[in-house]
Amino acid sequence: MILGFEWYMYVAFFLVGMLASVINSIAGGGSTISLPIMIFLGLPPTIANGTNRIGLFVGNCTSAVNLFKHGLLNKKVYANLFFPTLIGSLLGIFFLLKINDKVFQGILSVAIFAVAVMGNLNRNLFGKPPENPPEKLSLPAFLVFFAISIYGCIVQVGVGFLQIFALSRYTGLDLLHVNAIKNALTSTFLLVSTVGLIVIGKVEWGLAVCVAVGACLGGLMGSRLQRKKGNVFIRHFISFASLIMAVILLKNILM
């Protein structure tokens, strides 16, 4: 044993971190895979949540920085959405720090179902997106991204699908540019929630380091892959990821 765990646990958490980060970088729903695996391997749900977020934060930052370096981040849209995201995450952290394992598992089950449905909705469902991103942030948009950041801070699972849907509808940008904004905003509320979980001791650090190293590699792979393959690949990947989420949900319901 190494620091209380068998060697294969460290390998498993490295691979889980890498896989989840690739999925999150391109689409969303990586935690739908990583969290159940971590819980299955023996971590309590809230500890798995905290440990998982270390990797998510590292992976998102890696992906966001890589896309930013290649000029894909719309800074004006990010600046407009930064404050509702930050304010929502600061509110969400109060709920996150008080949640227990049983309540978290209940919220997680409902969230996986809702996000699996949302991930398959057409982005034109509520009307045609604008040709160009709006100059100013409207109150409805503020409230939508405020609510998404609260959810992302508390549960996080599948928040990428919600962001892609909302950002596509709000900005009218292609998926590659939407993903750059999504990853930057996700890093914002992940920073708040991860710090909170660290403070209350909900992180298993030996495993979290392995998750973080894998996530760093996964974030780099995901950002490079979507830049190379383009919007059609991203669209297909999102459909595939949401299908996997639906399968996992069905499996959890039937078991």
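Residue pairs that meet the salt bridge (Lys or Arg N to Asp or Glu O under 4.0 Å) test with at least one member in residues 16-27, sequence neighbours left out, do not exist here. Listed by first and then second residue, the side chain to side chain donor-acceptor pair (under 3.5 Å) pairs involving residues 80-90 amount to none (not counting sequence neighbours).
The side-chain contact (heavy atoms from CB on, under 4.5 Å) test applied to A208 returns T51, I54, V203, W205, not counting sequence neighbours. Under the salt bridge (Lys or Arg N to Asp or Glu O under 4.0 Å) criterion, K75 pairs with no residue at all, not counting sequence neighbours. Residues passing the side-chain hydrogen bond (donor to acceptor under 3.5 Å, both in side chains) test with N24, sequence neighbours excluded: none. A search for ring-ring contact (aromatic ring centres under 6.0 Å, His included) contacts involving F189 returns nothing, not counting sequence neighbours.
Cluster membership check: Y78 shares its hydrophobic cluster with L67, using side-chain heavy-atom separations under 4.5 Å among Ile, Leu, Val, Met, Phe, Trp and Tyr. The same ILVMFWY cluster, assembled from side-chain heavy atoms under 4.5 Å apart, contains both L225 and F68. In this structure, V65 is not a member of the same hydrophobic cluster as V77, with clusters built from ILVMFWY side-chain heavy atoms closer than 4.5 Å.
Here L197 contributes atom CG and I93 contributes atom CD1; the two are 6.0 Å apart, rounded to the nearest 0.5 Å. Rounded to the nearest 0.5 Å, atoms CG (L43) and NZ (K202) are 11.5 Å apart. The distance from the CG atom of L191 to the CG atom of N60 is 11.5 Å, given to the nearest 0.5 Å. To the nearest 0.5 Å, atoms OG (S149) and CG (L162) are separated by 11.5 Å.
No donor-acceptor pair under 3.5 Å is formed between the side chain of E204 and the backbone N or O of I47. Side-chain atoms of R53 do not come within 3.5 Å of backbone N or O of I198 as any donor-acceptor pair.
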